[in-house]
Amino acid sequence: MPAPHLYLVDGSSYIFRAFHRLPPLTNKHGLNVGAVYGYTTMLWKLADSLNKADGPTHLAVILDASESTHRNELFDQYKANRPPPPPELVPQFPLIRDATRAFSIPCLEEKGLEADDIIACYVMAAKAAGWQVTIVSSDKDLMQLVEDGKVDMLDTMNDRRIGVPEVFDKFGVGPDQVGEVLALMGDSVDNVPGVPGIGPKTASKLIQEYGTVEAVLAAAPEMKPSKMRDNLIAHADMARLSHQLVRLVCDAALPAPLEDLSIKGIPEAPLREFLEHHGFRSLLARLGAQAQAAAPAPARSALPEPSPEPAIDRSLYETVADEAALARWIDAIQARGLVAIDTETDGRDCVSARLVGISLATDPNKACYIPLEHGGDDMFAERPPQLDAALVLERLKPLLEDEAILKIGHNLKYDWVVFARRGITLAPYDDTLVMSFNLDAGGLNSHALDDLAKKHLDHECISFKSLCGTGQKQITFDRVPVERATEYAAEDADVALRLWHRFRPRLAFEKVTRVYELVDRPMVSVIGGMEQSGVRIDRAVLSELSAAFNTQIADLEARIHAEADGPFTIGSPQQLGEILFGRMGLSGGRKGKSGTWSTDQNELERLEREGVPIARLVLEWRQLTKLKSTYTDALQEQVNKTTGRVHTSYSLSGAQTGRLASTDPNLMNIPIRTEIGRRIRDAFIADPGFVMMAADYSQIELRLAAHMCDVPELKAAFAAGEDIHNRTAQELFGAVDRDTRARAKTINFAILYGISRWGLAQRLETTPEEAQSIIDRYFERFPGIRAYIGETLTHARESGFTTTLFGRKTHFPRLRSNVQHERQGAERAAINAPIQGTAADIIKRAMARMGPALAAEGLGEVRMLMQVHDELVFEVPENDVDRARDVVRRVMESAAEPAVKLSVPLGVEVGVGPNWGAAH
DNA sequence: TGCATCACG
DNA sequence: GACGTACGTGATGCAC
């Protein structure tokens, strides 16, 4: 019986090589699978050699589990130069695991260890057991492990075996000295510094002569004077650091014992399913599947109908209430490699709600509910049988954090926070809400799970209302009987999973993978973190403001009633209109549907100019009551009792353009434009020892308009740091003064919002004819703007959607409306969406990078708290202010790169203070 | 629940 | 001939 032969496949490096070597290939679902195909053929070759001489008896694929390893602790710049993987490659990573699983080959990874290290550990263990080892890779770092007659390498792309002689050819030294050479020469891709001026040739020569890095360094002072000698002396530390970086870890615990890697044969069924799914017909044919392979390839222009799946059958759902069942589910999830998940809580607010139960799904109709906190009070005679919440979370934690298991959820940000509060960091994940939004923003009224189930699955979900009721009689989920809770909760997980199967191929097919992967998906955890952080509120500031407003409001009320000759409800536009335009006989216009008088700000300001004193008083009354009810009173009630902070909820799918929306409370409309309102911002304070830092993009939408419309004059003005409205005034009116600048500013905004002569006329207080002539002049001076509007509308009418620079789509079905004003409204929105949306994409990119960038500078204490469209607010330790300011500015200013190259600079203004008001 | 109003970018 | 509007949001109070 010959000794076992272990093949270790360096999966991570392989996929990159396959990607770059093979032409782009799209499967029948429209997904890019070139690299997956290359990878699959490589596994195929290995599987073919299974029972042959020198073929594998044991086989495993090794992957990189995490970005950060001990090498980053040694050297924070390690791999820092590495460009992000190409966007077409990113969605293929999970498919690598699918492919490996299809071959029934073990797939190994370990947090904190690179694939190279895991391979080294297995090589050591296998050698100790007297096994033969082949490393399937051509990575030069791994050449350190080659050993005559025991360990070799195999490059399947050219069928080349690498043994000791080949290593000598390449490095001029044996495998035991490869590490020494690597340390001196460095590696620009991994950003291993090495010694400047020393490349592979010199490194090899030096090691041949002296044997080790240390010996070379020791001998350096005696060498003949040269640049090389100086560099060796000056960069001795870097050489030693590099030596550590290239050294492989070979004594870590094995993720799975050697014997588990035994492979007797490849079961056909899962492999066939995988090959069919991706339409790898030549491989299918080799599998002896002529019938399936002969089927004509579906046209690339249409996404095929989703494969049939069983209708939803709630009777198949399981309630998990004992440890054996839980263990069974955990095993099933591990075998499947993915799980759809949904948490049930007793409230809407994920920061304070109690976790009541968890539902899981792995396949259609294969779903369960794990009740955790049902019953337990007098509603039930006794608490229904259920597992201990802490125990369940302890068991689920490794799985929820397992890099190899994809977590799928709908509005996963909620669940992300629920788990984060319990020390569990959900990753990796996909969010079907975000996917739906990236696919259909603007085209769908709702991306709610039950609406999507109806639309895509033709299935009516159990409504939350039917379980818990509404209004006064509404009950919390923990009081729902477990049987009904299981049907409801498991259904949600089942539906999310089914939606995911439909959405995932669509993302690539409809070309929104980039915005999903690069912009929106990262927001789930980033914003989850912000919501969890919350922002500290000084209630005293608010209550003092409330009290002050109160007396002023009472005073105004008395004066208004005196002016009106009697009391009435000032807050009622109906009554106010009657007083102003009826009893007091002032002139004014009717308004639409309800036939009531308009009493809005415009109307009251007009009256004020005509010398009607009550108008001014009502305006002031309105301002103060607004500030009091919406802000100073309401905000105090929103302070979380446990954390003492306000935790807003950001919606990722709230604004059709890709902007965020903030609710409960809305922190995006805290006053700033008036002095009195601005004082509310003083109540947003930093923890002791911290300060608030606010960073704003300056004129980002105008800058993007200058770039996207290609307006040389505006681009030059931004590049030179000029005041953009002054520049516009100069171009339009030939003179810059207060008046022309104000008019220019209005026009600039009119452009962003989709211009109309009437709208502009109203804002400029002039005639539509005059407004039209200004618009004409604007287009004449900046012809790029007119071209942009024309092209955007033409494209939007044809395709039904607009696109941002990052590929975000917004659909505008009303562009085809028969109602003129609906159509015109849609046109204006379509002109605005690419600009507003690109700005939203850019700040989201900044947010996604901010955490890692801060951490890399040792600024892990800095908290990102709020986003207000073009502004980010942070809570920063006092001592870190200067360094934090630099990082924040750098990340925000470079946020578009490298995915998008802008022809205008992005300006960022940063302010610091004890509270948000002072940080501006 | 719909409408009017007004807070923000 | 009426539209009576710049784009994108959310919260509040009134009237029904």
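Order of the sequence lines fixes the chain letters, A, B, ..., with proteins taken first and strands second; residue numbering starts at 1 for each chain.
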**Q** For A/Ala750, report the nucleic acid contact type (base, sugar-phosphate, nothing); a contact means any heavy atom under 4.0 Å.
**A** base
**Q** I need the residues from residues 779-791 of chain A with at least one non-hydrogen atom less than 4.0 Å from DNA chain C; give them sorted by number, or say none.
**A** none
**Q** Report which part of the nucleic acid A/Ile672 touches: base, sugar-phosphate, or nothing (heavy-atom distance under 4.0 Å, all strands).
**A** sugar-phosphate
**Q** Work out how far the P atom of C/dT5 is from that of B/dC6, and round it to whole angstrom.
**A** 14 Å
**Q** Can a donor-acceptor pair be found between the side chains of A/Asp776 and A/Gln772 at a distance below 3.5 Å?
**A** yes
**Q** Base, sugar-phosphate, or nothing for A/Ala634, non-hydrogen atoms under 4.0 angstrom?
**A** sugar-phosphate
**Q** Look at A/Thr657 and C/dC7 and indicate whether a side-chain polar atom (N or O) is within less than 4.0 Å of OP1 or OP2.
**A** no
**Q** Are any of A/Thr630's side-chain N or O atoms less than 4.0 Å away from OP1 or OP2 of C/dG10?
**A** no
**Q** Does the cation-pi check pass for A/Lys809 over A/Phe801, that is, NZ or CZ under 6.0 Å from the six-membered ring centre and within 45° of its axis?
**A** yes
**Q** For A/Arg679, does the CZ atom have more than 12 heavy-atom neighbours from other residues, nucleotides or ligands under 6.0 Å away?
**A** no
**Q** Quantified in whole Å, what is the P atom distance between nucleotide C/dG4 and nucleotide C/dG8?
**A** 16 Å
**Q** Select base, sugar-phosphate, or nothing to describe what A/Thr625 touches, counting heavy atoms under 4.0 Å on all strands.
**A** nothing
**Q** At less than 4.0 Å, is any side-chain N or O atom of A/Arg828 found next to OP1 or OP2 of C/dT5? Yes or no.
**A** no
**Q** Check DNA chain C against residues 573-581 of chain A and give the residues with a non-hydrogen atom under 4.0 Å, in numerical order.
**A** A/Gln574, A/Gln575
**Q** Name the nucleic acid region contacted by A/Arg763, choosing base, sugar-phosphate or nothing; use a 4.0 angstrom heavy-atom cut-off, strictly under.
**A** base
**Q** Is there a donor in the side chain of A/Asn748 and an acceptor in the side chain of A/Tyr778, or the other way round, less than 3.5 Å apart?
**A** yes
**Q** Using a 4.0 Å heavy-atom cut-off across all strands, classify A/Ser756 as base, sugar-phosphate, or nothing.
**A** base
**Q** Please classify the nucleic acid contact of A/Gln601 as base, sugar-phosphate, or nothing, using heavy-atom distances under 4.0 Å.
**A** sugar-phosphate
**Q** Between A/Glu610 and A/Arg606, is the closest basic N to carboxylate O distance under 4.0 Å?
**A** yes
**Q** Restricting to side chain to side chain contact (heavy atoms under 4.5 Å, CB included), what partner residues turn up for A/Leu518, sequence neighbours left out?
**A** A/Arg514, A/Arg845, A/Ala899
**Q** Could you tell me the separation between the CG atom of A/Leu752 and the C1' atom of C/dA6, rounded to a whole number of Å?
**A** 10 Å
**Q** Answer yes when A/Arg616 and A/Glu620 have at least one side-chain N-carboxylate O distance shorter than 4.0 Å, and no when they do not.
**A** yes
**Q** Can you measure from CD1 (A/Ile774) to CZ (A/Arg743) and round to the nearest 0.5 angstrom?
**A** 4.5 Å
**Q** As an exercise, state the distance from CD1 of A/Ile843 to CG of A/Leu872, rounded to the nearest 0.5 Å.
**A** 4.0 Å
**Q** So what does A/Thr810 hit on the nucleic acid, given a heavy-atom distance under 4.0 Å: a base, only sugar-phosphate, or nothing?
**A** nothing
**Q** Using whole Å, report how far CZ of A/Arg673 lies from C1' of B/dG9.
**A** 7 Å
**Q** Indicate yes or no: does A/Glu701 engage A/Arg659 in a salt bridge with an N to O separation below 4.0 Å.
**A** yes
**Q** Is A/Asp520 paired with A/Lys844 through a side-chain N to carboxylate O contact shorter than 4.0 Å?
**A** yes
**Q** Using the P atom on both, measure C/dA6 against B/dA4 and round to a whole Å.
**A** 14 Å
**Q** Determine yes or no for a side-chain-to-main-chain donor-acceptor pair under 3.5 angstrom, with A/Gln636 supplying the side chain and A/Thr632 the backbone.
**A** yes
**Q** Applying ring pair (Phe, Tyr, Trp, His ring centres under 6.0 Å), can you list everything that pairs with A/Phe684, at least two apart in sequence or on another chain?
**A** A/Trp916
**Q** Between residues 838-849 of chain A and DNA chain C, which residues have a heavy-atom gap below 4.0 Å?
**A** none
**Q** Report yes if at least one side-chain N or O of A/Gln762 is closer than 4.0 Å to OP1 or OP2 of C/dA6; otherwise report no.
**A** yes
**Q** Using a 4.0 Å heavy-atom cut-off across all strands, classify A/Ile670 as base, sugar-phosphate, or nothing.
**A** sugar-phosphate
**Q** Pairing of DNA chain C as dot-bracket, 5' to 3': ( ) intra-strand, [ ] crossing, | other strand, . unpaired, with Watson-Crick or G-U pairs under 3.5 Å?
**A** ......|||||||||.
**Q** Base, sugar-phosphate, or nothing: which does A/Asn666 touch, judged by heavy atoms less than 4.0 Å apart?
**A** sugar-phosphate
**Q** Would you say A/Arg659 reaches C/dT9's phosphate, i.e. side-chain N/O to OP1/OP2 under 4.0 Å?
**A** no
